[in-house]
Amino acid sequence: LSLRVPVFNQELRSRLKQAEAQSDAAESVYRSRGLELIDRLGAGYLQVLLTDEARRLAEVQVQALMAQLGQAQQRLQRGEGTRVDVAQTQANLDVARVRLVEADDQLDLARRELRRITGVPTPPLRQVPADYTPAPLLPRGLHDWLALAVRQSPALQAREQSLTAA
């Protein structure tokens, strides 16, 4: 009876290193996809806030033009205004109403996109306070930001690991 066991197998060692590199690359891709999801979620949230604000603005414009139309009609009845003023204000009101409908559609689309990302109906979102001041960005220099991005980018780490695995 004889037993033969290799003490050192270079092929197995290189396959192990390749498997480790592939595992590291997959982990980096996973982190990268997670960051992409966070980015899409943040963009979707901000898009809902933006379209909601645009809708409110369109609604205020409709209300203001309705008041202007009432004033133009009163001036026309008193003989101080013209039919052109009334017609122009009515046309502006019609355009504002169309913009309000468009804003409603955009808000609905933004909420659907956020619901698609989260999987839950969009609750009422918190608005950014009017007196909000963001903290200063650290690091301050562009070169520092680029170096940080290169060091912490999961996409770049995945590519490096893929090169190592090859």
With a 4.5 Å limit on heavy-atom distance, are the side chains of [X] and [Y] in contact?
X	Y	value
R31	L35	no
D94	L65	no
R97	M66	yes
D144	L148	no
Y45	R126	yes

Looking at every heavy atom in both V120 and R115, which two are closest together, and how far apart are they?
O-CG, 3.3 Å

Does [X] belong to the same Ile/Leu/Val/Met/Phe/Trp/Tyr cluster as [Y], with side-chain heavy atoms less than 4.5 Å apart forming each link?
X	Y	answer
L46	L50	no
L37	V29	no
V101	L109	no

To the nearest 0.5 Å, what is the distance between [atom1] ([X]) and [atom2] ([Y])?
X	Y	atom1	atom2	result
L57	T51	CG	OG1	12.5 Å
Q90	R83	CD	CZ	15.0 Å
E80	Q71	CD	CD	11.5 Å
L41	E113	CG	CD	10.5 Å

Starting from the C-alpha separation in whole Å, work towards a yes-or-no answer on side-chain contact (heavy atoms from CB on, under 4.5 Å) for R111 and L107.
CA-CA 6 Å; R111 285 186 175 159; L107 180 59; 3.9 Å; yes

Intermediate values then yes/no, side-chain contact (heavy atoms from CB on, under 4.5 Å), L69 and Q73:
CA-CA 6 Å; L69 180 61; Q73 289 171 341; 3.9 Å; yes

Looking at [Y] and [X], is there a salt bridge between them, counting it only when a charged N and a carboxylate O are closer than 4.0 Å?
X	Y	value
E59	R55	yes
R99	E102	no
K17	E20	no

R13 atom CZ, neighbour heavy-atom count above 12 within 6.0 Å
no

Counting only heavy atoms not in R112, do more than 12 fall under 6.0 Å of its CZ?
no

Please confirm whether the backbone N or O of D85 pairs with a side-chain atom of T89, one donor and one acceptor, at under 3.5 Å?
yes

